[in-house]
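To keep things clear, I will list the structure first and then write my remarks on it.
Numbered from 1 within each chain, the chains take letters A, B, ... in sequence-line order.
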There are 2 protein chains.
Amino acid sequence: MEKRKPDVAQICQTIWQSIVEKKLRPGTRLKEEQLSEVFGVSRARVRQVLAVLQRDGLVSIIPNRGAFVSEPDADEARDVFYLRTKIEERVVERLVERISEQDINRLEGHLKKELAAQAKGDRLASVKLSGEFHMLLATLAESTLLHGILQALVVRSSLVTVMYRREEMHDCGPDEHRELIDIIRSGDKKGALQCMQTHLKHIEDELDLSQNDVSSRDLWQVFK
Amino acid sequence: MEKRKPDVAQICQTIWQSIVEKKLRPGTRLKEEQLSEVFGVSRARVRQVLAVLQRDGLVSIIPNRGAFVSEPDADEARDVFYLRTKIEERVVERLVERISEQDINRLEGHLKKELAAQAKGDRLASVKLSGEFHMLLATLAESTLLHGILQALVVRSSLVTVMYRREEMHDCGPDEHRELIDIIRSGDKKGALQCMQTHLKHIEDELDLSQNDVSSRDLWQVFK
DNA sequence: ATTGACACGAATGTCAACAATTATGTAGTC
DNA sequence: GACTACATAATTGTTGACATTCGTGTCAAT
């Protein structure tokens, strides 16, 4: 955390990590001055960070009130996975058409990292790498639009997962990623679509989206 | 343009208008100081405006280089409409389930404005109102996620439309919006989905997405 | 005792000057 | 004459101080 040039992305990542590790709970207030002290940067930069985090849906900024860690409700969680599915379908579609050997190599390389993290039992790294795998797919699809929106959705997915995961939930293992790579390489568009769909469905099915209760901190938002 | 309290949204809208009216062509550079003079605001605020415009995909910001009006290629244009379709399908789905009489009234009221603008032949207002109709649907669907993403896509749609519209293109008339309202109210989910699909397809079909040439100003982006 | 208003404190929002980076024009050399 | 190196000008990026807004605690009045 003691980096020489604390980049905006760096700080975002650290905050994201804290949320995934449950060190920061949804609803927590994030004071600008506080953050600027912790990270040793100017408040202006903290402001940029919060803007990015808001765009990714990790925090909600209320004018003249401050920034809070978001508390997406079950409906929003479902929307996130619905959209992810639709976008990643499109990504896969394009990848099947234009994938190169070099692309395959990058995917294989990433998969290796995922397997290593799993073997070591490093859960945080696993979650992070899993998300990055999906972002890598979008990158290779060469669509800045899909990439940009998916970025926000993947980040949101982590938050949703933290909030609604069942206790006995196991990690989204890299096995299905292996499958995806193979089927994309084979050029089977329909199969690839199916594979992506079930992969994302598996992740969503691991969640418990039945609860619709409103957290206590949401109260003042309820009354607008 | 001489507003007393030039809001960020206000300025964004004005710039958006200028692009739709072809007063600002894709690739045009937007200097911060220049903008701050024109709108009579501080450069810091211009910076916020540009950030929002970048998020909506209207401008591309290159570090230490400046901001330019985006030039989405045909592929991106297709992605925009693909995503819009998927998102608005979801919006319609939710609306059919939870629409209220009050909601219908708001839609009817908006439709009236659209018809008035069309009758007056006010093309700019027509384009603007048409986009707002779709945003209103998302608002009524009560999903901040769908709303936020759709916002960016609708704005991008305008830009894409300006760039790729055929000469003889006629406006996206309010007739199909009328149809949509009726079928949503009827509760026919399948029909509503179909209606939204064809509506968006009509808009996309009015475009000529065959050209794949790179505009001259993109050159330096090509070489990374 | 409860409620209302007022004032104080703290956090956010805004701005203008300063620093860093990039583009441009000029001179010098081969 | 063309190409490189340097100096200058223009533009973006950053910082710290100032203004504004909102929450909180106190006090008085009913």
Rounded off to whole Å, could you give me the CZ-to-P distance for the Arg43(A) and dT14(C) pair?
11 Å

Quick one: salt bridge (charged side-chain N to carboxylate O under 4.0 Å, His left out) partners of Glu21(B), sequence neighbours excluded?
Lys23(B)

Who are the side-chain contact (heavy atoms from CB on, under 4.5 Å) partners of Ala117(B), not counting sequence neighbours?
Ala125(B), Ser126(B), Leu129(B)

Expected list for residues 147-156 of chain A: side-chain donor-acceptor pairs under 3.5 angstrom, two or more places apart:
unit_1: His147(A); atom_1: ND1; unit_2: Thr139(A); atom_2: OG1; d: 3.3

So which protein N/O to nucleotides 7-11 of chain C N/O distances come out below 3.5 Å?
unit_1: dA11(C); atom_1: OP1; unit_2: Lys31(A); atom_2: NZ; d: 3.4
unit_1: dA11(C); atom_1: O3'; unit_2: Arg29(A); atom_2: NH2; d: 3.2

Report the relative orientation of the aromatic rings in His177(A) and His199(A); use parallel for angles under 30°, tilted for 30 to 60°, perpendicular for over 60°.
perpendicular

For a 4.0 angstrom threshold against heavy atoms of chain A, report the outermost contacting nucleotides of DNA chain D in 5' to 3' order.
dT14(D) to dG23(D)

Please enumerate all residues that pass side-chain contact (heavy atoms from CB on, under 4.5 Å) together with Gln54(A), with sequence neighbours excluded.
Val59(A), Ile61(A)

Could you tell me the separation between the CZ atom of Arg45(A) and the C1' atom of dA19(C), rounded to a whole number of Å?
13 Å

If the condition is side-chain contact (heavy atoms from CB on, under 4.5 Å), which residues does Thr85(B) pass it with, not counting sequence neighbours?
Glu89(B), Gln197(B), Leu200(B)

With sequence neighbours left out, write down each residue that passes salt bridge (charged side-chain N to carboxylate O under 4.0 Å, His left out) with Glu97(B), or none if nothing qualifies.
Lys189(B)

How large an angle, rounded to 10°, do the end axes of the helix from dA1(C)-dT30(D) to dC30(C)-dG1(D) enclose when each is built from five base pairs?
10°

What pairs with Arg94(A) under salt bridge (charged side-chain N to carboxylate O under 4.0 Å, His left out), at least two apart in sequence or on another chain?
Asp75(B), Asp79(B)

Applying ring pair (Phe, Tyr, Trp, His ring centres under 6.0 Å), name anything that partners Tyr82(B), two or more places apart in sequence or on another chain.
none

More 5' along DNA chain D: Pro63(A) or Gln48(A), using each one's nearest nucleotide?
Gln48(A)

With sequence neighbours excluded, residues passing side-chain contact (heavy atoms from CB on, under 4.5 Å) with Gln13(A)
Gln17(A), Lys128(A)

